[in-house]
There are 2 protein chains.
Amino acid sequence: MTIALDGFDVKLLAALQNNAALTNAELGDVIGLSASQVSRRRQKLEEAGIIRRYRAALDPEALGLMVTAYVGVTLGAHSRENARKFRNMVTAMPEVQEAHTLTGDVDYMLKIVVPDLKALSHIINDELLPQEAVHHVRSSIAMETLKDDNLLPLK
Amino acid sequence: MTIALDGFDVKLLAALQNNAALTNAELGDVIGLSASQVSRRRQKLEEAGIIRRYRAALDPEALGLMVTAYVGVTLGAHSRENARKFRNMVTAMPEVQEAHTLTGDVDYMLKIVVPDLKALSHIINDELLPQEAVHHVRSSIAMETLKDDNLLPLK
DNA sequence: AGTGAAAAACAATGGCG
DNA sequence: CGCCATTGTTTTTCACT
């Protein structure tokens, strides 16, 4: 399942994560390859799972999603069962964009996107805090987003 | 530039952010519309900027990017010029996936993806801290990522 | 606002150098 | 890996409701 990537592959991946709407011929122009070779390499990269999926990136504000927040969650009683329930819950919540366990004094960091502060308050007070495992929640609201492209750095 | 979205549009956007590789005919099956209507609506949504771009989502680990970190940055001397330089710098850094100004005691939160801890250390010590505006940096490393799909919640 | 069919563009494959 | 030709799909446009 693993694969050796050469310079063409890396360039192709970089181009595709920037703009997956390019045709194989256009991609070929950018990276210096023929369209048919681009097609073959793409298939390999998709099969190998290096390209996970293709996605449309949407404008949150145009969809009324005005609030992005980072929510740090500290768990209290570290029972396996409660922790498991908490993890299942955040994974299933559509407002949770990202969820990671972190080093440091906060157990989990959630990135949450919602229409307004009322919706954020609802999530914190009515969904997160009632969980048995949750001891403490601390939210910070993004006032300004300088960058949010989530483009991986490819050399 | 603004547009009225009906139920078809919302379903179409939801389907496209999940999987932009679907053909218009497949999308039509999912949302209950003919391929030609899907094509017309897509064009509208693209022109209106609601669909910002199409992207390939890549597997970070397959590309050797093993470390995700959240770095909170506190600025010291709040001179406009130093803050501007800081903002330009983080915006230009490819390792910075996201950068937001936050409410609370941390001025900026950066999501950073790098190959290893050495690269993270380099960014913090040799790029961030030498900036005049930067007073304090605190990094937390993601030990486990439960969710990282960045799919917007569409009702 | 929608369908269905035609025309144009594109992707994917195979053969050859 | 480039180039070319072929085939099948897909997108887009058009006529019509």
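Residue numbers start from 1 in every chain, and the chains themselves are labelled A, B, ... in the order their sequence lines are given, proteins ahead of strands. Just so you know, these numbers come straight off a predicted model, no measurement behind them.
Taking the side-chain contact (heavy atoms from CB on, under 4.5 Å) definition, one finds that A:Met143 meets it with B:Thr101, B:Thr103, sequence neighbours left out. When the ring pair (Phe, Tyr, Trp, His ring centres under 6.0 Å) test is applied to B:Phe86, the partners found at least two apart in sequence or on another chain are B:Tyr108. Listed by chain and number, the residues in a salt bridge (Lys or Arg N to Asp or Glu O under 4.0 Å) with B:Asp149 amount to none (sequence neighbours excluded). With sequence neighbours left out, A:Tyr70 forms a side-chain hydrogen bond (donor to acceptor under 3.5 Å, both in side chains) with B:Glu98, B:His100. The side-chain hydrogen bond (donor to acceptor under 3.5 Å, both in side chains) check on B:Asp148 picks up B:Lys111, with sequence neighbours excluded. With sequence neighbours excluded, no residue forms a side-chain hydrogen bond (donor to acceptor under 3.5 Å, both in side chains) with B:Thr74. Checked against side-chain hydrogen bond (donor to acceptor under 3.5 Å, both in side chains), B:Asn88 has no partners two or more places apart in sequence or in another chain. Scored by the salt bridge (Lys or Arg N to Asp or Glu O under 4.0 Å) test, B:Arg53 finds no partners at all (sequence neighbours excluded).
The list of side chain to side chain donor-acceptor pair (under 3.5 Å) pairs with a residue in residues 126-137 of chain A, not counting sequence neighbours, reads A:His122-A:Asp126.
Contacts between residues 15-32 of chain B and DNA chain D, counted as heavy-atom distances below 4.0 Å, involve B:Thr23, B:Asn24. Of the residues in residues 33-43 of chain A, those with a non-hydrogen atom less than 4.0 angstrom from any atom of DNA chain D are A:Leu33, A:Ser34, A:Ser36, A:Gln37, A:Arg41.
Residue contacts for A:Asp6: at a heavy-atom cut-off of 4.0 Å it reaches the sugar-phosphate backbone alone, with no base atom in range.
Along DNA chain D, read 5' to 3', the first and last nucleotides having any atom under 4.0 Å from a heavy atom of chain A are D:dC1 to D:dC4.
What separates CD1 of A:Ile51 from P of C:dA11 is a distance of 13 Å, to the nearest Å.
Shown here is A:Glu81, whose CD atom has more than 12 heavy atoms of other residues, nucleotides or ligands within 6.0 Å.
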